[in-house]
2 protein chains.
Amino acid sequence: MQQPYNVYEDRCPTRQVLDRLADKWALLILDRLQGAPVRFNQLRRDIQGISQKVLSQTLKKLERDGLLSRSVFATVPVTVEYALTDLGQSLIQTVSTFAHWAEQHMDAVLLAQVKYDEGAASTSGA
Amino acid sequence: MQQPYNVYEDRCPTRQVLDRLADKWALLILDRLQGAPVRFNQLRRDIQGISQKVLSQTLKKLERDGLLSRSVFATVPVTVEYALTDLGQSLIQTVSTFAHWAEQHMDAVLLAQVKYDEGAASTSGA
DNA sequence: CAGGATCCAAAGCGATACTG
DNA sequence: CAGTATCGCTTTGGATCCTG
């Protein structure tokens with residue numbers, strides 16, 4: 001009768017899973033794959049600022065984790081599509097909510113930062 | 001009539017917000033603060049593996065972002081409590097769902113990893 | 001108890017060049 | 001198009017020591 005692991009425990013594999021997903025690029029990729037498969041260079045264009053290396057690495061990790069699938073089509077030149085798996089689908093709603101929380105509450109965060117910095121300035125300044 | 005930013009855009013402040021939140025430790029801290037305020041060393045004990053430095057840094061950033069508040073009580077020795085703000089509350093449900101998805105689907109991820117690695121091994125091995 | 005400051009090793013990541 | 005491989009810088013993060 002072993003107790004289930006939880007995210008607070010060190011050693012627990014959950015930590016590795018969380019660590020993989022708690023990554024800006026991974027979240028953006030998963031979010032971008034919502035709805036339909038996307039090709040490599042399309043992802044690269046859409047997710048602005050991601051480098052080819054990081055995109056490649058992150059895709060590979062997410063594929064290994066079973067969150068997305070990689071399909072190769074023997075066109076010329078070759079076409080590669082990335083799509084969410086069922087496992088990926090089970091997470092996408094949360095990821096999407098999470099990613100877009102940032103959009104919706106960006107102003108509040110920015111305002112909080114200004115206030116915080118003002119307080120810090122007045123502490124050392126006047 | 002400016003279009004709203006979105007997470008896919010570079011330059012957008014949303015990226016900074018997402019980058020802040022897409023962090024294993026930040027998520028664990030926020031999740032741990034759900035329900036009631038928690039003291040510094042209690043967080044340190046509960047979130048296994050986090051160092052004092054990273055805990056301190058992450059708390060400060062999250063406070064600056066307005067997601068949590070820091071309250072000092074003039075006891076001896078001093079007591080410091082961290083609690084979610086309203087802004088933090090608005091995110092906690094998603095964070096919690098996200099963090100615990102890892103717990104619930106850990107087995108599936110681990111299985112996917114094994115299968116992926118087997119495929120890679122057979123590619124180079126046989 | 002609740003941190004700040006410092007040192008140092010390790011990981012991350014961009015840029016570049018090359019492959020099928 | 002869809003990547004891999006390598007180099008070198010930058011950042012992260014743990015460990016340690018110290019303070020109020």
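Lettering of chains follows the sequences in order, A, B, ..., and the numbering in each one begins at 1.
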**Q** Closest nucleotide of DNA chain C for A:Lys61 versus for A:Pro77: which of these residues is on the 5' side?
**A**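 Here A:Lys61 is the residue nearer the 5' end.
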**Q** Just by distance, no angles: are the side chains of A:Asn6 and B:His100 close enough, under 3.5 Å, to form a donor-acceptor pair?
**A**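 Not at all, the side chains of A:Asn6 and B:His100 share no donor-acceptor pair under 3.5 Å.
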**Q** Looking at A:Arg39, does any N or O in its side chain come under 4.0 Å of the phosphate oxygens OP1/OP2 on D:dA2?
**A** yes
**Q** Reckon B:Gln52 touches a base, only the sugar-phosphate, or nothing at all at heavy-atom distances under 4.0 Å?
**A**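 Base: the residue B:Gln52, judged by heavy atoms under 4.0 Å, touches a nucleobase.
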**Q** In terms of ring plane angle, is the pair A:Phe98 and B:Phe98 parallel, tilted or perpendicular, where the classes change at 30° and 60°?
**A**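 The arrangement is parallel - the two ring planes meet at less than 30°.
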**Q** Is B:Arg70 touching bases, backbone alone, or none of the nucleic acid, heavy atoms closer than 4.0 Å?
**A**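 Since only primed, P, OP1 and OP2 atoms lie under 4.0 Å of B:Arg70, the category is sugar-phosphate.
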**Q** Between A:Gln16 and A:Asp19, do the side chains contain a donor N or O and an acceptor N or O under 3.5 Å apart?
**A** no
**Q** Pick the nucleotide of DNA chain D nearest each of A:Arg45 and A:Lys60; which residue has the one closer to the 5' end?
**A**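 Its nearest nucleotide being more 5', the pick is A:Arg45.
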**Q** Between B:Val78 and A:Ser56, just flag the one whose closest nucleotide in DNA chain D comes earlier from the 5' side.
**A** A:Ser56
**Q** Among B:Asn41, B:Ile47, B:Asp46, exactly one meets side-chain contact (heavy atoms from CB on, under 4.5 Å) together with B:Arg44. Which residue is that?
**A** B:Asn41
**Q** Separation of B:Leu55 atom CG from D:dT12 atom P, in whole Å?
**A** 17 Å
**Q** Between A:Tyr82 and D:dC1, does any side-chain N or O lie under 4.0 Å from OP1 or OP2?
**A** no
